[in-house]
Amino acid sequence: MRGRVMALAAFGGGCAYAGAAYARSDVPCALAEPTPEHDKTVWPRRSACLGPHFITDAAEACAPAVVNLTVSMTAFGGALVGRSSGSGFILDKDGVILTNLHVVAEAIGRRKNGGVTVALQDGRTFEGRVLSYDSASDLAVVKVDTKSPLPTLKLGNSRTLRVGEWVVALGSPLHLQNSVTAGIVSCVERKGTEIGLQGSTRMDYIQTDAAINQGNSGGPLVNLSGEVIGINNMKALAADGVSFAIPIDTAKKVVNQLLTKGRVSRPYIGMKMLELNEGIASQLMDRDPTFPPVSAGVLVPQVLPGSPAERGGLRAGDIIVEFGGQKVTSIRQILDTLDDEAGKIYEVKVVRAKGQSVALKIQSEEASPSM
């Protein structure tokens with residue numbers, strides 16, 4: 001698969017995190033109960049040990065709904081020049097499959113046979129077609145026609161992930177179907193801009209050290225309960241154990257719009273944002289006596305000319321403390337409030353130099369596809 005940017009390769013990485021699952025009761029564990037040196041308010045009363053099959057159980061539960069996707073690559077004139085392969089998983093028993101866009105990009109627009117060969121773990125194969133896709137998130141929906149219900153995966157919640165949780169990767173690396181690897185969650189909100197993805201300010205990624213290789217893209221990242229919490233997306237070429245997955249909470253919103261509208265619309269405000277914490281705010285106050293006396297919020301270093309933010313009265317240097325009627329301390333809270341619907345009017349409270357509080361109203365508009 002083609003690398004998406006710089007030293008990143010978008011051939012995906014499968015992984016899963018160990019959620020709230022615990023070991024079997026027959027597995028002994030010396031720390032099954034709190035000991036005096038452990039805080040009883042946080043130490044689990046159930047066994048924190050994992051049995052010998054904790055990865056096996058998650059993998060076996062998910063494997064039937066994980067698919068291998070093969071796309072024929074043709075040159076001008078229709079001559080077959082090769083095949084590309086990736087992974088995906090079944091969302092709906094009627095044959096709706098989620099994968100990465102770069103896995104099936106060569107099949108977009110094909111009418112004859114749909115262009116995508118879908119293989120299940122049990123040996124069944126189907127001809128699929130790309131139903132809809134979203135370039136910004138690198139997600140695509142593939143549809144196959146089936147007379148009998150297909151196995152599906154349950155979607156989990158990526159928002160509750162914690163660094164250090166176990167992850168299990170499922171997919172078809174190097175055309176090797178039904179492969180499983182495991183690791184941990186290395187970072188829960190790795191921003192697209194941090195890994196060199198320009199224009200990806202809205203996208204956060206799950207970073208994991210689960211082994212991934214070409215062909216894993218589009219496969220599920222599941223927790224130990226067998227719930228999908230991410231979609232394997234890419235890895236760093238210059239390092240081992242540094243790969244990234246699209247959070248399932250992000251994918252849910254994208255897929256919902258793709259299935260209902262056939263495309264994804266995103267609201268646009270037109271401002272750059274910097275998340276403040278007590279340490280950063282204190283440092284800025286030391287540098288500038290007029291800096292607002294705040295301990296948290298979202299600083300706006302730039303407002304784009306002609307944007308909804310500028311029309312609504314937002315200025316560079318403002319600190320957003322409330323957005324849409326909700327107190328905010330993070331950029332993610334603002335993005336979640338914006339959601340995916342353009343045209344809404346948001347009440348915004350900002351703090352300016354010397355502590356001046358100002359109430360604004362900003363109406364979002366739909367972002368252009370190039371944003």
> Would Asp57 and Leu224 count as a side chain to side chain contact (heavy atoms under 4.5 Å, CB included) if you check the C-alpha gap in whole Å, the side-chain angles of each, and the deciding distance to 0.1 Å?
Replying inline: CA-CA 8 Å; Asp57 293 341; Leu224 292 190; over 6 Å; no
>> Before you tell me yes or no, could you show the steps for Gln207 and Ser243 under side chain to side chain donor-acceptor pair (under 3.5 Å), namely the whole-Å CA-CA distance, both residues' side-chain angles and the distance that decides it to 0.1 Å?
In response: CA-CA 6 Å; Gln207 181 182 330; Ser243 50; over 6 Å; no
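For Gln333 against Lys327, the heavy-atom pair with the smallest separation is NE2-O, 3.6 Å.
With salt bridges taken as basic N to acidic carboxylate O contacts below 4.0 Å, none links Asp92 and Lys143. Checked for salt-bridge contact, Arg159 and Asp336 meet the test: a charged N lies under 4.0 Å from a carboxylate O.
No donor-acceptor pair under 3.5 Å is formed between the side chain of Asn100 and the backbone N or O of His102. Formation of a donor-acceptor pair under 3.5 Å by the Gln363 side chain with backbone atoms of Gly343 is found in this model. Not a single donor-acceptor pair under 3.5 Å links the side chain of Ser158 to the backbone N or O of Pro247. Although no hydrogens or angles enter the test, the distance criterion places a donor-acceptor pair under 3.5 Å between the side chain of Thr181 and the main chain of Ala211. Under a 3.5 Å cut-off, the side chain of Arg190 and the backbone N or O of Asp204 do not form any donor-acceptor pair. Between the side chain of Thr70 and the backbone N or O of Ser85, no donor-acceptor pair lies under 3.5 Å.
The CE atom of Met271 lies 10.0 Å from the CG atom of Leu304; values are rounded to the nearest 0.5 Å. Between Lys253 atom NZ and Arg266 atom CZ the span is 10.5 Å, to the nearest 0.5 Å.
With sequence neighbours left out, Thr290 forms a side chain to side chain donor-acceptor pair (under 3.5 Å) with Asp288. Legend: residues meeting side chain to side chain donor-acceptor pair (under 3.5 Å) with Glu310, ordered by chain and number and at least two apart, are absent. Scanning for salt bridge (Lys or Arg N to Asp or Glu O under 4.0 Å) contacts around Lys93 gives an empty result, with sequence neighbours left out. For Lys349, the salt bridge (Lys or Arg N to Asp or Glu O under 4.0 Å) criterion is met by no residue, not counting sequence neighbours.
Proximity of Leu120 to Ile90: side-chain heavy atoms (C-beta onward) are separated by under 4.5 Å at one or more points. Looking at Leu170 and Val168, their side chains come closer than 4.5 Å, going by heavy atoms from C-beta outward. Looking only at side-chain heavy atoms (C-beta outward), Lys344 and Pro267 stay at 4.5 Å or farther from each other.
Among residue pairs with one or both ends in residues 304-326, those qualifying as ring-ring contact (aromatic ring centres under 6.0 Å, His included) are Phe323-Tyr346; sequence neighbours excluded.
The neighbour count for Arg352 CZ, taken as heavy atoms of other residues, nucleotides or ligands under 6.0 Å away, is above 12. Dense packing is recorded around NZ of Lys261, with more than 12 heavy atoms of other residues, nucleotides or ligands lying under 6.0 Å away. Around CG of Asp240, the count of heavy atoms belonging to other residues, nucleotides or ligands within 6.0 Å does not exceed 12.
Counted by atom type alone, Asp134 and Ser137 present one or more donor-acceptor pairs between their side chains at under 3.5 Å.
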Exercise answer: donor-acceptor pairs, residues 276-285 side-chain atoms, under 3.5 Å, sequence neighbours excluded:
unit_1: Asn277; atom_1: OD1; unit_2: Gly279; atom_2: N; d: 3.1
unit_1: Asn277; atom_1: OD1; unit_2: Ile280; atom_2: N; d: 2.8

